[in-house]
Amino acid sequence: LTNQVNQLVGDLLFISRSESGTIEIDKQPTPLPDILLEMHQEARVLAEKKHIAITLTSHAPLIIVNGDRQRLRQLFMIIITNAINYTKPEGAITVNLDSDGTSTRITVADNGIGIPEEDLPHVFQRFYRVKQKRQDLARSGSGLGLPIAKWIAEAHNGTISIVSVLDRGTTVTIKLPLHRHRAPRQWIGTP
């Protein structure tokens with residue numbers, strides 16, 4: 001119970017600070033595979049308790065985004081933890097990273113209980129919780145995780161979207177622009 005209260009207070013503070021513009025995003029060139037590997041290792045500990053397999057795949061070379069490492073970790077942990085919470089024991093989750101040369105796409109796909117179609121347009125609203133018919137997998141969250149994830153993605157000039165099929169699973173897709181290397185200024189003649 002204490003952890004749930006602490007999580008709720010932390011989420012409410014984050015939402016309040018995001019609305020007032022007091023959250024600083026410290027964007028630096030950040031290697032995304034490093035963060036995802038860390039998240040994968042942490043998530044495996046949670047997933048093993050439910051005998052859920054988590055696979056991390058990458059179809060791109062080194063991917064660097066202009067991002068805040070701490071906030072990106074928070075974003076991915078929210079999405080991966082949701083996948084674990086709503087996947088049945090013995091289920092599977094795949095985290096995939098790829099790039100098209102201008103942006104990177106991270107997908108987190110599970111074969112969990114899914115989200116009813118009528119709920120999908122509302123999942124990024126604050127305090128919105130999908131009413132689960134099967135209480136065995138329902139978790140007591142604050143309904144703030146996905147709104148926080150959306151805020152972090154948008155603060156990085158990215159997007160987040162969800163597709164889901166009831167009883168088949170959910171796929172969350174996060175797109176972030178790649179870090180652009182700027183060439184140093186060259187002077188023509190004398191400076």
Side-chain angles (χ1 to χ4, degrees), residues 4-5 7-23 25 32 35-36 39 43 46-47 50 52 54-55 57 65 67-68 71-88 91-100 102-178:
Q4 291 173 346
V5 170
Q7 181 68 46
L8 177 60
V9 169
D11 288 350
L12 288 169
L13 283 172
F14 186 97
I15 292 288
S16 174
R17 290 176 59 211
S18 69
E19 287 179 347
S20 65
T22 58
I23 294 180
I25 299 290
L32 213 48
I35 295 175
L36 286 172
M39 294 295 88
L46 297 173
K50 288 179 66 178
I52 294 171
I54 296 188
T55 307
T57 58
V65 297
D68 183 314
R71 294 301 170 205
L72 290 172
R73 283 177 51 88
Q74 183 180 11
L75 165 62
F76 298 131
M77 204 59 193
I78 289 168
I79 301 306
I80 294 171
T81 301
N82 276 355
I84 293 168
N85 286 343
Y86 293 101
T87 297
K88 300 170 193 172
I93 298 168
T94 303
V95 180
N96 184 55
L97 173 66
D98 64 19
S99 172
D100 64 7
T102 58
S103 65
T104 183
R105 184 175 64 189
I106 305 96
T107 56
V108 179
D110 66 58
N111 63 354
I113 60 176
I115 301 169
E117 189 176 345
E118 63 271 15
D119 287 308
L120 279 172
H122 307 289
V123 294
F124 291 110
Q125 294 172 4
R126 273 186 254 152
F127 302 111
Y128 189 84
R129 293 194 28 105
V130 174
K131 304 230 181 339
Q132 299 294 340
K133 292 183 177 125
R134 291 187 300 263
Q135 293 300 318
D136 56 329
L137 285 175
R139 297 287 179 260
S140 55
S142 64
L144 292 173
L146 288 177
I148 289 171
K150 183 174 191 265
W151 186 90
I152 294 170
E154 290 176 352
H156 285 82
N157 302 314
T159 61
I160 183 170
S161 60
I162 296 180
V163 294
S164 188
V165 178
L166 202 57
D167 296 321
R168 295 226 179 143
T170 301
T171 300
V172 178
T173 302
I174 300 159
K175 292 183 181 175
L176 300 170
L178 293 176

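Atom set for the values below is all heavy atoms of this structure, side chains included, hydrogens, waters and symmetry mates excluded.
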Who passes side chain to side chain contact (heavy atoms under 4.5 Å, CB included) against N82, sequence neighbours left out? I78, L146
K175: which residues meet the salt bridge (charged side-chain N to carboxylate O under 4.0 Å, His left out) condition with it, sequence neighbours left out? none
side-chain hydrogen bond (donor to acceptor under 3.5 Å, both in side chains) filter on S164, not counting sequence neighbours, yields T170
Do T87 and N111 pass the side-chain contact (heavy atoms from CB on, under 4.5 Å) test, and can you show the C-alpha distance, the side-chain angles, and the key distance before you say yes or no? CA-CA 6 Å; T87 297; N111 63 354; 3.5 Å; yes
Pair I106, L36 - check side-chain contact (heavy atoms from CB on, under 4.5 Å), show working. CA-CA 9 Å; I106 305 96; L36 286 172; 4.2 Å; yes
All side-chain hydrogen bond (donor to acceptor under 3.5 Å, both in side chains) counterparts of D98, not counting sequence neighbours: R105
Roughly how far, to the nearest 0.5 Å, is CD1 of I84 from CG of D110? 10.0 Å
Show every salt bridge (charged side-chain N to carboxylate O under 4.0 Å, His left out) that has at least one partner inside residues 77-86, sequence neighbours left out. none
For T104, which residues count as a side-chain hydrogen bond (donor to acceptor under 3.5 Å, both in side chains) partner, sequence neighbours excluded? none
Side chain to side chain contact (heavy atoms under 4.5 Å, CB included) involving T171 - partner list, sequence neighbours excluded: T107, A109, V163, T173
Atom OG in S99, atom CG in L176: separation rounded to 0.5 Å? 10.5 Å
Not counting sequence neighbours, which residues clear side-chain hydrogen bond (donor to acceptor under 3.5 Å, both in side chains) with R73? List them please. E38, E42
Considering only residues two or more places apart or on different chains, which pairs with a residue in residues 148-164 satisfy salt bridge (charged side-chain N to carboxylate O under 4.0 Å, His left out)? K150-E154
